Amino acid sequence: MLAADTRGMGYLLKDRVARVEEFLSALERVHTRDTVFDPEVVRRMPSRSRHTDELALLTDRERAVPALMAQGHTNTAIAQQLFVSRSAVEKYANAVSDELRLPRDSGTNRRVLAVLRLLGS
């Protein structure tokens, strides 16, 4: 949502919407193409700089692997482009996931999470 044009957009929590004056003020601001986000939502948003700092710790090769993943390349294609073995690509992908502290559980795809983190930086 924040990556798109945020003019004329707003998000308020239920308790703030229940405060009629605050809600009407926010509604008027959105109508005039202003952006309104509940202060509590903003306070709880993760800092983008934390992700940027984590990405800064990656080597050039470690950044290249998820960048090529984001382009839809398979591990075999990435290995060919980087002139390394397929197992080296897998090791780089795992190192990136570990460096970014991505969860190791069966309910998540670390490859996708790494690409999303790279794209979100």
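Treat the numbers as computed from the prediction; the structure is a model and nothing was measured. The analysis underlying the following values was restricted to heavy atoms, covering all of them including side chains, and did not include hydrogens, waters or symmetry mates.
Taking all atoms of both residues into account, the shortest heavy-atom contact from Ala93 to Met69 is CB-CE, 3.4 Å. Heavy atoms only, all atoms of each residue included: Leu68 and Gln81 are closest at CD2-OE1, 3.3 Å. Listed here is the closest heavy atom pair of Ala114 and Ser97: CB-OG, 4.5 Å. The minimum heavy-atom distance linking Val115 with Ala70 is given by the pair CG1-CB, 3.5 Å.
Not counting sequence neighbours, the partners of Glu22 by the side-chain contact (heavy atoms from CB on, under 4.5 Å) test are Arg16, Arg19. For Ser25, the side-chain contact (heavy atoms from CB on, under 4.5 Å) partners at least two apart in sequence or on another chain are Arg29.
Note: Leu24 CG to His31 NE2 = 13.0 Å, rounded to the nearest 0.5 Å. Rounding to the nearest 0.5 Å gives a distance of 12.5 Å between CG of Leu113 and CG of Leu118. Going from atom CG of Asn94 over to atom CZ of Arg110 covers 6.0 Å, rounded to the nearest 0.5 Å. Atom CG of Leu82 and atom OH of Tyr92 lie 8.0 Å apart (nearest 0.5 Å). Here the straight-line distance linking atom CG of Leu116 with atom CG of Leu102 works out to 9.5 Å at 0.5 Å rounding.
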Pairs under 3.5 angstrom only: tabulate donor-acceptor contacts from the side chains of residues 58-65 to other protein residues two or more places apart or in another chain.
from	atom 1	to	atom 2	distance (Å)
Thr59	OG1	Glu62	N	3.0
Asp60	OD1	Arg63	NH2	2.8
Glu62	OE1	Thr59	N	2.9
Arg63	NH1	Leu55	O	3.1
Arg63	NH1	Leu58	O	2.5

Stepwise side-chain contact (heavy atoms from CB on, under 4.5 Å) test for Val89 and His73: CA-CA 11 Å; Val89 171; His73 296 291; over 6 Å; no
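If you check the side chains of Thr76 and Thr74, you find no donor sitting under 3.5 Å from an acceptor.
Contact of the Lys91 side chain with the Val84 side chain is not registered, since no non-hydrogen atoms from C-beta on lie closer than 4.5 Å.
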